Amino acid sequence: MPTATDFKDYYAILGVSKTATPEEIKRTYRKLARKYHPDLNPGDKDAEAKFKDLNEANEVLSDSENRQKYDRFGQHWNQASQGGSPPPGRGSTVSTEDFDRYGDFDSFINDLLGGMRGQSRRRTQTTATGGFDDFGDGFRSQAPAPDTEAAIALTFSEAFHGVQKRLLLGAVALNGNRQDRTAPQLDEETINVRIPAGAKPGSRIRIKGKGRPSPFSAQRGDLYLTIEVLPHPFFRFEGDNLVCEIPIRPDEAVLGAEISVPTPDGSVTVKVPKGVRSGQSLRLRGKGWTLPKGGRGDLFAQLQIVTPKDLSAIEQEYYEKIQANTSFNPRAQLEEIKL
């Protein structure tokens, strides 16, 4: 069971208040994720640990349902979400109103299990002459083993190329990115999991028979791994495609140019047509994300015109000549606008 020292204040990790809006949480997470990203802090263990905590906090607080459970149950929020409902029968139904009378999740579980044990004793006594002696044991043997949900974080490179990960199913079962010490215990076991190329955020991988054991038998449920892809400082997802931003000079935008554009496979040379505008995208077919059924998505390079801050003497001279001799007025259509 998590202790007070194990508890992580996700709001404090992100540096937001408990009343922060989803937009504030999203904006703050993106800013901090970029700051502490391992690719931008190579070899910095503190930054790596901070980055993992940020992802863990964002995983909970960005999901409205998980956030409500976290706000209500604190360090027990995940156990509450996986507690489920007791088996059907007299006295086993617990409503929302009933739950509110418990101070914490542990009290609820202890009371619930005590009630189930009482039901089992009553059934055994009542059915001794009624022919239902095996009802309690039959229910236990038929109860399905619970499946386990866990998240596994991959870098962009690992998700793009595919990777093999070693997972330790030790004395406790996996629970999200953390270990849940309240779950039924497992014998220590190391498994190898192959993540195929092209895994995207939200993809799920099923590992049969590697979940938690049933509390009533030796049967084990399945382990479901949900893929999380850590933010990349240059590429981002847009459906099955990738998007990146490419800075270009004003003269390249006006006259056209050949520029180098990074792709997941390495840089390629791309021709920029004359007269492009800032924000316009160039489509690089087949240079995007690996698709599950084979092939590749596209890469969209969004052009951003960047003006120079420091000009040489000759650059200053020629820009002044252009300004003095140009006939182009991009605001001509605005001159007649009025209310």
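This is a predicted model, so every value here is computed, not measured.
Ion pairing of Lys321 with Glu317 is present here, as a side-chain N (NZ or NE/NH1/NH2) and a carboxylate O approach within less than 4.0 Å.
In this structure, a donor-acceptor pair under 3.5 Å is present between the side chains of Tyr29 and Asn55.
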Carefully, step by step, assess Asp71 and Tyr11 under the rule side chain to side chain donor-acceptor pair (under 3.5 Å). CA-CA 10 Å; Asp71 289 342; Tyr11 292 103; 2.6 Å; yes
Test Thr155 against Ser157 for side chain to side chain donor-acceptor pair (under 3.5 Å), laying out the working first. CA-CA 5 Å; Thr155 65; Ser157 178; 5.0 Å; no
Check the pair Lys52, Glu56 against salt bridge (Lys or Arg N to Asp or Glu O under 4.0 Å), reporting the backbone distance first and the verdict last. CA-CA 6 Å; Lys52 290 181 179 179; Glu56 183 178 317; over 6 Å; no
Is there a side chain to side chain contact (heavy atoms under 4.5 Å, CB included) between Thr290 and Arg296 once you walk through the steps? CA-CA 5 Å; Thr290 301; Arg296 296 274 294 277; 3.8 Å; yes
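Each of Val193, Ile191, Asn192 was scored for a side chain to side chain contact (heavy atoms under 4.5 Å, CB included) with Arg166, with one residue passing: Asn192.
The backbone N or O of Leu223 sits nowhere less than 3.5 Å from a side-chain atom of Asp147 that would complete a donor-acceptor pair. No donor-acceptor distance shorter than 3.5 angstrom exists from the side chain of Trp289 to the backbone of Phe160, with no hydrogens or angles considered. The main-chain N or O of Lys35 is found under 3.5 Å from a side-chain atom of Asn41 such that the two form a donor-acceptor pair.
With sequence neighbours excluded, the residues forming a ring pair (Phe, Tyr, Trp, His ring centres under 6.0 Å) with His37 are Phe51, listed by chain and number.
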Side-chain donor-acceptor pairs under 3.5 Å in residues 237-244, sequence neighbours left out?
unit_1, atom_1, unit_2, atom_2, d
Asp240, OD1, Lys200, NZ, 3.2
Asn241, OD1, Asp298, N, 2.8

What donor-acceptor contacts under 3.5 angstrom involve side-chain atoms of residues 302-313, with partners at least two apart or in another chain?
unit_1, atom_1, unit_2, atom_2, d
Gln304, OE1, Ser278, OG, 3.4
Ser312, OG, Glu315, N, 3.3
Ser312, OG, Glu315, OE1, 3.3

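In the hydrophobic clustering of ILVMFWY residues, with side-chain heavy atoms under 4.5 Å counting as a link, Ile152 and Ile205 come out together. Phe234 and Leu299 fall within the same hydrophobic cluster, where Ile, Leu, Val, Met, Phe, Trp and Tyr residues are linked whenever their side-chain heavy atoms come under 4.5 Å apart, directly or through other members. Under the 4.5 Å side-chain heavy-atom criterion for Ile, Leu, Val, Met, Phe, Trp and Tyr, Val261 and Ile248 are members of the same hydrophobic cluster.
We find the CG-OG1 distance between Asn58 and Thr28 to be 10.0 Å, quoted to the nearest 0.5 Å.
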